[in-house]
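I have placed the structure first, in the form of structure tokens, so that the comments after it can refer back to it.
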Number of protein chains: 2
Amino acid sequence: MKSPTELTELFRAQGLKVTPQRQCIFRALHGNDRHPTAEAIHEQVTAEMPTVSLRTVYQTLHDLADMGELVELDLGTGSGRFDPNLEPHQHVVCDGCGRVYDVVVDVSPIRTPRFANGFRVDRTEVVFRGRCRACSAAAGS
Amino acid sequence: MKSPTELTELFRAQGLKVTPQRQCIFRALHGNDRHPTAEAIHEQVTAEMPTVSLRTVYQTLHDLADMGELVELDLGTGSGRFDPNLEPHQHVVCDGCGRVYDVVVDVSPIRTPRFANGFRVDRTEVVFRGRCRACSAAAGS
DNA sequence: TTCCAATTAACAATCATTGAAGATTGGTGC
DNA sequence: GCACCAATCTTCAATGATTGTTAATTGGAA
Ligand SMILES: [Mn+2]
Ligand SMILES: [Mn+2]
Ligand SMILES: [Zn+2]
Ligand SMILES: [Zn+2]
């Protein structure tokens, strides 16, 4: 994702308004590697601007996703995750706490299957599931 | 998943009752490679037994999943999918119609990442996303 | 056949997300 | 600096998938 400053320019260039709400959301996302939910961003934003609605957060997240500045992920954790990391990478998901970590793996050795029925594969997603150290310890007790 | 007959025995052996509703659900799942939603199973079941509730379908699906006779998948298609295929395999998902196909790929060449923070990876999921022939054609028009 | 715990059906509630509509405001042009 | 209006924001209702609750029903052991 671009920096808040660059996003401000980008929004203006596209004829979109740059509101304080949006800028606050830009800042909450910038450099955020926690794969936050809309709710998580909302909490972070309301700490600074208490009146911002969750609806506005969703709208801005989708605007950014539409512009390709953000990727929305569905990792089966109950709610969508938003990822400002646009580099090709894969994810590690904890079954216990739902935390998501980035990981770079070479997926090229996976042979993309060929389908007789004309299915066109656009992307290959790899998700590593398991338990983080804290959740392993908790489950063992 | 075991056959309806075997499941009947298995349920009895576990002290669970074998109701006509459950048997009908067993039959709807047996050999089903469509990765049905609870709703889809419910439709199939109500064709034969119109009074079966969706709640009962969910309950039985979860019972089967708890017994390891079924795998519940969240492939980001909006609702959970239930898979009676217990062989190791991966999935191909159409972004258009949400249909899910089985595919067997060798995931062993993917190096499971090692994490300094003690994350224990239990399984590696690979999802191939794209469009089926019908949806490619529809999108092109 | 009796009986009771397991199961079922009906329905309310939850959670994440989206729809709708009226109130507010960024920023362009004066 | 001020007026204006489309874009945006807030509020609140609605959606769709799933789960909680509870009273009525029933499988199957005795
Ligand atoms: Mn990521
Ligand atoms: Mn499958
Ligand atoms: Zn964890
Ligand atoms: Zn399709």
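Order of the sequence lines sets the chain letters (A, B, ...), proteins ahead of strands, with each chain counted from 1.
- Rounded to a whole Å, the CZ atom of B/Arg55 is 16 Å from the P atom of D/dA17.
- Using the six-membered ring where Trp is involved, B/His35 and B/His91 have ring planes that are perpendicular, over 60° apart on the 30 and 60° scheme.
- Taking 3.5 Å as the limit, the base of D/dG27 and the side chain of B/Arg22 contain no donor-acceptor pair of atoms between them.
- Between B/Thr56 and C/dA9 there is a side-chain N or O to OP1 or OP2 distance below 4.0 Å.
- The residue A/Thr19 sits close only to the backbone: its heavy atoms come under 4.0 Å of sugar-phosphate atoms, none of a base.
- For B/Leu16, whose side chain is taken as the heavy atoms from C-beta onward, the closest listed nucleotide among C/dA20, C/dT7, C/dG26 is C/dT7.
- Atoms CG (A/Asp63) and C1' (D/dT8) sit 10 Å apart, rounded to a whole Å.
- Distance NZ (A/Lys17) to P (C/dT25): 11 Å, rounded to an integer number of Å.
- Of all nucleotides listed (C/dT8, D/dT21, C/dT18), C/dT8 comes nearest to the side chain of B/Gln21.
- Among the protein residues, A/Thr51 comes within range of the sugar-phosphate backbone only, with heavy atoms under 4.0 Å from sugar or phosphate atoms but none that close to a base.
- A side-chain donor-acceptor contact under 3.5 Å links B/Ser53 and B/Thr56.
- Atom P of nucleotide C/dT25 and atom CD of A/Gln23 are separated by 15 Å, given to the nearest angstrom.
- One can place CG of B/Asp74 at 13 Å from P of D/dA17, the figure rounded to the nearest angstrom.
- Using a 4.0 Å heavy-atom cutoff across all strands shown, B/Ser79 reaches sugar-phosphate atoms only and no base atom.
- Residue order along DNA chain D, read from the 5' end via each residue's closest nucleotide, puts B/Gly80 first among B/Val18 and B/Gly80.
- Between the side chain of B/Thr60 and the main chain of B/Val57, no donor-acceptor pair closer than 3.5 Å is present.
- At the heavy-atom level, A/Glu39 lies nowhere under 4.0 Å from the strands shown.
- Atoms OH (B/Tyr58) and P (C/dC11) sit 18 Å apart, rounded to a whole Å.
- As judged by a 4.0 angstrom heavy-atom cut-off over every strand, B/His42 is placed among residues making no nucleic acid contact.
- DNA chain C is contacted by both A/Thr37 and A/Gln59; A/Thr37 maps to the nucleotide lying nearer its 5′ end (nearest heavy atom per residue).
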Practice task
Check the pair B/Phe26 / B/Phe11 against ring-ring contact (aromatic ring centres under 6.0 Å, His included), numbers first and verdict last.
Solution key: CA-CA 11 Å; B/Phe26 296 166; B/Phe11 269 59; 5.0 Å; yes
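- For B/Glu6 (side chain) and B/Ser3 (main-chain N/O), a donor-acceptor pair under 3.5 Å exists by modelled atom type.
- Using modelled atom types, one finds a donor on one side chain and an acceptor on the other under 3.5 Å when comparing A/Asp102 with A/Asn85.
- Distances shown here put every side-chain N or O of A/His62 at or beyond 4.0 Å from the OP1 or OP2 atom of C/dT17.
- Taking atom CG of B/Leu54 as the reference point, atom P of C/dT8 lies 13 Å away to the nearest angstrom.
- Between the side chain of B/Arg12 and the base of D/dG27, no donor-acceptor pair under 3.5 Å is found.
- Going from atom CG of A/Leu61 over to atom C1' of C/dT18 covers 14 Å, rounded to whole Å.
- Among the atoms of the strands shown, none is found under 4.0 Å from any heavy atom of A/Gly15.
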